[in-house]
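Report on the following structure.
Letters A, B, ... are given to chains in the order of the sequence lines, protein chains preceding strands, and every chain is numbered from 1. Just so you know, these numbers come straight off a predicted model, no measurement behind them.
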2 protein chains.
Amino acid sequence: MTGTPRVDTAQLMELLSVSLGAYHGDFTVAAATENLTASQGKVLTVLRRGPAAMRALADTMTCDASNMTGIVDRLEKRGLVSREASASDRRVKNVVLTAEGERVADAIRTKMRATRDGLDKLSDQDRDRLYTLLERVFIDQTAS
Amino acid sequence: MTGTPRVDTAQLMELLSVSLGAYHGDFTVAAATENLTASQGKVLTVLRRGPAAMRALADTMTCDASNMTGIVDRLEKRGLVSREASASDRRVKNVVLTAEGERVADAIRTKMRATRDGLDKLSDQDRDRLYTLLERVFIDQTAS
DNA sequence: TATTGTTATACTCTATAACTATA
DNA sequence: TATAGTTATAGAGTATAACAATA
């Protein structure tokens with residue numbers, strides 16, 4: 001197996017910054033539409049995959065466990081998630097989406113899918129930047 | 001001028017998410033090394049380009065003006081920035097880097113340049129994903 | 001009248017340390 | 001002893017509303 005080709009990191013990072021800036025902005029707006037913070041929306045999105053222990057959620061979001069306690073507290077108070085005791089380890093609490101939580105998580109996902117399908121927030125200039133980057137990678141690759 | 005080629009948005013977004021996650025993590029660590037939060041580090045980075053009014057800073061970071069007041073207060077208390085009256089509009093205060101603020105901003109930039117040059121935080125798997133994406137774009141392009 | 005910046009207020013996120021109940 | 005989760009605490013980011021100074 002040959003090594004993967006190198007790319008222009010500076011250009012890639014600039015592109016990433018612009019694109020994910022738009023993505024993050026859209027996610028924040030999508031969550032706010034359901035009266036949620038971005039962190040709360042992210043937890044619901046993670047839980048769409050299935051129940052998760054408090055510790056696992058904290059690891060996924062790279063924050064302290066004590067922090068996750070507060071976030072889940074607020075979600076639980078609004079009836080979007082519930083804590084369930086683990087059968088195998090009595091120390092563990094599994095966080096599960098309620099029916100209402102599923103509805104909200106799906107609403108966020110639907111809004112984000114629109115973003116993913118369109119790259120609507122990218123300006124023509126940014127779209128050209130993307131193309132320039134890809135073109136350059138192609139040229140570098142074929143010239144080697 | 002022909003239109004720019006389309007790319008697989010879902011794959012691109014996944015790649016962006018992983019890559020900018022690494023970038024954001026590195027920036028947070030770089031700022032923390034100087035005992036700064038990510039927001040504070042971002043303001044110093046913006047000010048490397050030159051002085052900026054409070055309102056302009058708030059717009060750049062897409063937060064409320066009242067929020068920027070607190071952030072700049074903390075930076076000023078540590079001697080990293082100063083507020084200067086505008087000559088043309090007496091309502092405006094321009095925020096300027098102090099010598100120490102420049103030193104800290106440069107230290108963050110140096111650490112981030114190392115990240116930019118390496119993409120070190122990307123796993124081999126993610127590097128392969130990047131290559132796969134680029135390869136697919138190349139094939140679609142030449143096949144059309 | 002509109003804009004710049006601040007203050008007051010309230011909520012959320014965040015980490016650290018200390019605690020409990022399990023394992 | 002180590003781990004899962006919580007509580008207490010404190011600092012920082014965030015937005016809203018009201019305000020003074022200026023345009």
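A:V43 has its side chain out of reach of A:V95: every pair of non-hydrogen atoms, C-beta onward, lies at least 4.5 Å apart. Looking at heavy atoms from C-beta onward, B:R78 lies in side-chain contact with B:N35 at the 4.5 angstrom threshold. The closest side-chain heavy-atom distance from A:I108 to A:L36 is below 4.5 Å. Using a 4.5 Å heavy-atom threshold, the side chains of B:V96 and B:T98 count as separate. Between A:L57 and A:L47 the shortest side-chain heavy-atom distance falls below 4.5 Å.
Read 5' to 3', the first and last nucleotides of DNA chain C with an atom closer than 4.0 Å to a heavy atom of chain A are C:dT12 to C:dA23.
Heavy-atom distances under 4.0 Å link DNA chain D to no residue of residues 44-52 of chain B. DNA chain D is contacted by B:R74, B:D89 of residues 74-89 of chain B, taking any non-hydrogen atom closer than 4.0 Å. Interface residues of residues 58-68 of chain B facing DNA chain D, ordered by number: B:C63, B:D64, B:S66, B:N67; criterion, heavy-atom separation under 4.0 Å.
A:M54 and A:V46 fall within a single hydrophobic cluster, where Ile, Leu, Val, Met, Phe, Trp and Tyr side chains are chained together by heavy-atom contacts under 4.5 Å.
Atom-to-atom, CZ of B:R90 to P of D:dA23 comes out at 6 Å; the value is rounded to the nearest Å. Between the CZ atom of A:R91 and the C1' atom of D:dG5 there is a distance of 10 Å, rounded to whole Å. Look at CG on A:D73: it is 13 Å from P on D:dG5, rounded to the nearest Å. Separating the CD atom of B:Q40 from the C1' atom of D:dT14 is a distance of 14 Å, rounded to the nearest angstrom. Here D:dT22 presents its C1' atom at 12 Å from NZ of B:K93, a figure rounded to the nearest Å.
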Check: residues 60-67 of chain B side-chain donor-acceptor pairs under 3.5 Å, at least two apart:
residue: B:T60; atom: OG1; partner: B:A56; partner atom: O; Å: 2.9
residue: B:D64; atom: OD2; partner: B:S66; partner atom: N; Å: 3.0
residue: B:D64; atom: OD2; partner: B:S66; partner atom: OG; Å: 2.7

Solution key, residues 81-88 of chain B side-chain donor-acceptor pairs under 3.5 Å, sequence neighbours excluded:
residue: B:R83; atom: NH1; partner: B:D73; partner atom: OD1; Å: 3.1
residue: B:R83; atom: NH1; partner: B:E76; partner atom: OE1; Å: 2.6
residue: B:R83; atom: NH2; partner: B:T69; partner atom: O; Å: 3.4
residue: B:R83; atom: NH2; partner: B:D73; partner atom: OD1; Å: 3.0
residue: B:S86; atom: OG; partner: B:S88; partner atom: N; Å: 3.3
residue: B:S86; atom: OG; partner: B:S88; partner atom: OG; Å: 3.4
residue: B:S86; atom: OG; partner: B:D89; partner atom: N; Å: 3.3

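In terms of heavy atoms, A:G101 sits closest to A:L44 at O-CD1, 4.4 Å. Annotation for A:N94 and A:A53: closest pair OD1-N, 3.7 Å, computed over non-hydrogen atoms.
Checked against side chain to side chain donor-acceptor pair (under 3.5 Å), A:S39 has no partners two or more places apart in sequence or in another chain. Taking the side-chain contact (heavy atoms from CB on, under 4.5 Å) definition, one finds that B:R48 meets it with B:L97, B:A105, B:D106, B:R109, sequence neighbours left out.
The salt bridge (charged side-chain N to carboxylate O under 4.0 Å, His left out) contacts involving residues 92-104 of chain A comprise A:E34-A:R103, A:E100-A:R103, where partners must be two or more places apart or lie in separate chains.
Nucleic acid contact for A:T69: base, since at least one base atom lies under 4.0 Å from a heavy atom of the residue.
Within the structure, a side-chain polar atom (N or O) of A:R55 is placed less than 4.0 Å from OP1 or OP2 of D:dA4.
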